[in-house]
2 protein chains.
Amino acid sequence: MIHDNKPQEKISVLLVDDHPMVQGGLSACLAYYDDIEVIGVAHDGKDALNKAKELKPNVILMDVSMPLMNGIDATEIITEQLPDTKVLIFTMHNSSEFVHSAIQAGASGYVLKDTSSEEVYFAIKAVTKGNTHFSSSIAKMLQESPLKIENDKLTTREQVILSFVAQGFSSKDIAKKLDISFRTVEAHRRNIKAKLNIESLADLVRFAINHGLINKEGE
Amino acid sequence: MIHDNKPQEKISVLLVDDHPMVQGGLSACLAYYDDIEVIGVAHDGKDALNKAKELKPNVILMDVSMPLMNGIDATEIITEQLPDTKVLIFTMHNSSEFVHSAIQAGASGYVLKDTSSEEVYFAIKAVTKGNTHFSSSIAKMLQESPLKIENDKLTTREQVILSFVAQGFSSKDIAKKLDISFRTVEAHRRNIKAKLNIESLADLVRFAINHGLINKEGE
DNA sequence: TCTTTACTAGGTATTACTACCTAACTATTT
DNA sequence: AAATAGTTAGGTAGTAATACCTAGTAAAGA
């Protein structure tokens with residue numbers, strides 16, 4: 001076992017978040033650590049892409065919900081074009097679909113916004129070394145349902161139906177919109193509920209909101 | 001016009017937020033300003049009450065959704081017991097009901113979490129002088145519907161019913177829970193929909209989420 | 001080729017919700 | 001004392017959603 005004790009270079013970090021408050025707070029928190037340097041900030045996915053190519057940071061702290069391009073899509077492009085740059089998702093969304101999408105996109109870790117700055121620091125250190133880091137609740141989620149979610153995922157058609165349902169349209173309305181029989185719509189509703197193990201319409205609406213099919217205002 | 005140019009005492013601030021990240025970021029941002037000093041932090045409403053009495057800060061930056069006691073209730077008690085302490089609500093919720101509740105509870109201002117640290121600074125300065133400060137979108141909301149919301153507000157009973165409805169319970173279930181006839185529950189549902197001008201159950205669920213009656217996970 | 005999956009659609013019956021209506025009791029306000 | 005608002009509850013009828021069932025077609029994969 002050889003220890004590498006030479007004075008380490010600072011870990012360069014790019015912050016990507018559209019909320020100035022979060023950005024400011026985060027860079028202030030990270031300024032406390034000598035071995036980390038925030039070398040840039042970006043306000044959306046497109047911006048992140050440009051800054052990442054220009055600055056080639058070691059780690060990108062990436063928010064998910066942003067204007068122009070979301071963090072997952074940006075992560076996918078960045079991890080493909082810049083394999084040496086690690087992406088650490090930093091968000092308040094803790095739904096399993098987001099987590100799975102992030103992993104699929106090549107993220108090295110997933111940290112929730114309500115964790116301590118110490119954990120963010122350790123997560124940055126971990127992914128820099130090529131390891132992964134997931135917040136405890138996320139790790140637990142991955143343990144509990146590593147493949148179940150994948151298998152039970154909704155088809156594209158079902159997602160369309162569900163988004164209409166969650167927007168308040170009746171089966172008849174949806175049938176007209178999609179030009180199919182309302183019996184078909186009802187069949188899809190049954191399948192969706194069975195797949196998600198959900199019984200009430202209210203739970204469907206919350207599922208749709210929590211998984212990004214609609215936003216809180218109703219798409 | 002007399003200018004008061006003596007070296008001002010620092011404005012003492014108490015931060016109340018259950019997210020360590022927000023707390024850390026905020027105190028780091030405010031540390032930049034010489035005339036502001038964060039003299040304490042609290043993690044929930046109860047904690048805020050104790051710290052406020054002990055530290056008697058000039059300004060309290062108060063989050064709304066917290067464990068044990070929410071920010072609105074804490075604000076009501078604090079503004080009553082400590083009239084010299086100004087409360088500035090600091091939250092991501094921008095629903096008109098929250099804003100009205102906050103004003104009712106005696107808050108001097110309402111700042112959204114996605115604003116810049118400069119605005120938070122100016123808001124703190126403003127409320128210290130006895131003025132008020134509302135984020136631009138909040139101010140616009142207050143202009144547009146100063147009284148409409150008050151008139152259309154749901155009664156406590158209706159809010160209880162709505163929260164159950166949004167959690168996915170049927171009228172029968174709710175009737176059993178509250179030990180009333182399910183016809184009464186249905187009557188309440190009719191009144192709620194009429195008041196809110198809402199037709200679908202899905203819209204009711206989203207309203208409940210957006211107005212804090214339930215959270216996205218379903219209370 | 002056979003199987004599976006997704007999407008489609010219908011039959012029948014039950015349950016849940018909604019739209020109208022009326023109306024009693026209580027507490028508060030004018 | 002009268003009016004108002006909130007909570008309670010029922011009648012009747014219609015619409016929407018759900019729970020069972022079967023079943024065809026098209027596309028992808030073994």
Side-chain angles (χ1 to χ4, degrees), chain A residues 97 100 147-209 211 213-214 218, chain B residues 97 100-101 104 147-209 211 213-214 218:
Chain A
E97 295 218 343
H100 281 90
L147 47 90
K148 180 175 158 287
I149 303 296
E150 290 300 318
N151 293 341
D152 289 354
K153 221 188 311 198
L154 299 181
T155 66
T156 50
R157 195 58 158 178
E158 286 166 345
Q159 288 181 35
V160 171
I161 302 280
L162 177 52
S163 84
F164 281 127
V165 169
Q167 282 172 68
F169 294 106
S170 69
S171 295
K172 241 183 224 170
D173 293 338
I174 299 169
K176 271 179 204 157
K177 275 176 186 288
L178 300 178
D179 198 32
I180 54 179
S181 162
F182 84 99
R183 303 307 305 267
T184 305
V185 177
E186 290 185 327
H188 282 303
R189 292 177 77 133
R190 275 198 302 279
N191 292 335
I192 291 167
K193 286 186 166 184
K195 278 189 182 179
L196 303 177
N197 200 25
I198 279 177
E199 279 172 0
S200 76
L201 207 164
D203 288 332
L204 274 187
V205 175
R206 284 205 312 280
F207 179 92
I209 291 174
H211 293 75
L213 291 173
I214 62 163
Chain B
E97 295 216 346
H100 280 92
S101 302
Q104 204 77 29
L147 47 91
K148 179 174 158 289
I149 304 295
E150 290 299 320
N151 293 341
D152 289 354
K153 221 193 305 203
L154 300 181
T155 66
T156 50
R157 195 59 158 175
E158 286 165 347
Q159 288 181 34
V160 171
I161 301 281
L162 177 51
S163 83
F164 280 127
V165 168
Q167 282 172 68
F169 293 106
S170 69
S171 295
K172 240 183 225 170
D173 293 337
I174 299 168
K176 272 180 204 156
K177 274 176 187 289
L178 300 179
D179 198 32
I180 54 178
S181 162
F182 83 99
R183 302 308 304 269
T184 304
V185 178
E186 290 185 326
H188 282 304
R189 291 177 78 134
R190 276 198 301 277
N191 293 335
I192 291 167
K193 285 186 165 184
K195 278 189 182 179
L196 303 177
N197 200 26
I198 278 177
E199 277 171 1
S200 76
L201 208 163
D203 287 332
L204 275 187
V205 175
R206 285 205 311 280
F207 179 92
I209 291 174
H211 292 75
L213 291 174
I214 63 164

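The sequence lines fix the lettering, A, B, ..., with proteins before strands; numbering per chain opens at 1.
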*Between residues 169-177 of chain A and DNA chain D, which residues have a heavy-atom gap below 4.0 Å?*
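Residues of residues 169-177 of chain A under 4.0 Å from DNA chain D: A/Ser170, A/Ser171, A/Lys172.
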Give a yes or no on whether the backbone of [Y] and the side-chain of [X] come within a donor-acceptor separation of less than 3.5 Å.
X	Y	result
B/Glu158	B/Thr155	yes
A/Gln159	A/Thr156	no
B/Arg206	A/Ala166	yes
B/Lys193	B/Ile198	no

As an exercise, state the distance from [atom1] of [X] to [atom2] of [Y], rounded to the nearest 0.5 Å.
X	Y	atom1	atom2	value
A/Leu204	A/Arg189	CG	CZ	7.5 Å
A/Ser171	A/Lys176	OG	NZ	12.0 Å
A/Leu162	A/Phe207	CG	CZ	7.0 Å
A/His188	A/Lys195	NE2	NZ	10.0 Å

Measure the distance from [atom1] on [X] to [atom2] on [N] and round it to the nearest whole Å.
X	N	atom1	atom2	answer
B/Glu199	D/dA17	CD	P	13 Å
B/Arg157	D/dA5	CZ	C1'	16 Å
B/Ile192	D/dG6	CD1	P	12 Å
B/Leu154	D/dT7	CG	C1'	14 Å
A/Glu158	C/dT5	CD	P	13 Å
B/Leu201	C/dT15	CG	C1'	15 Å
A/Asn191	D/dC21	CG	C1'	14 Å
A/Leu162	C/dA6	CG	C1'	17 Å

*Could you walk me through whether A/Leu196 and A/Leu154 pass side chain to side chain contact (heavy atoms under 4.5 Å, CB included), step by step?*
CA-CA 8 Å; A/Leu196 303 177; A/Leu154 299 181; 4.1 Å; yes
Dump every N/O contact between nucleotides 9-14 of chain C and the protein below 3.5 Å, one line per pair.
from, atom 1, to, atom 2, distance (Å)
C/dA9, OP2, A/Ser181, N, 2.6
C/dA9, OP2, A/Thr184, OG1, 2.9
C/dA9, O5', A/Thr184, OG1, 3.3
C/dG10, OP2, A/Ser181, OG, 2.7
C/dG11, N7, A/Arg183, NH1, 3.4
C/dG11, N7, A/Arg183, NH2, 3.1
C/dG11, O6, A/Arg183, NH2, 3.1
C/dT12, O4, A/Arg183, NH2, 3.0

*Below 4.0 angstrom from OP1 or OP2 of C/dC7, is there any side-chain N or O of A/Thr156?*
yes
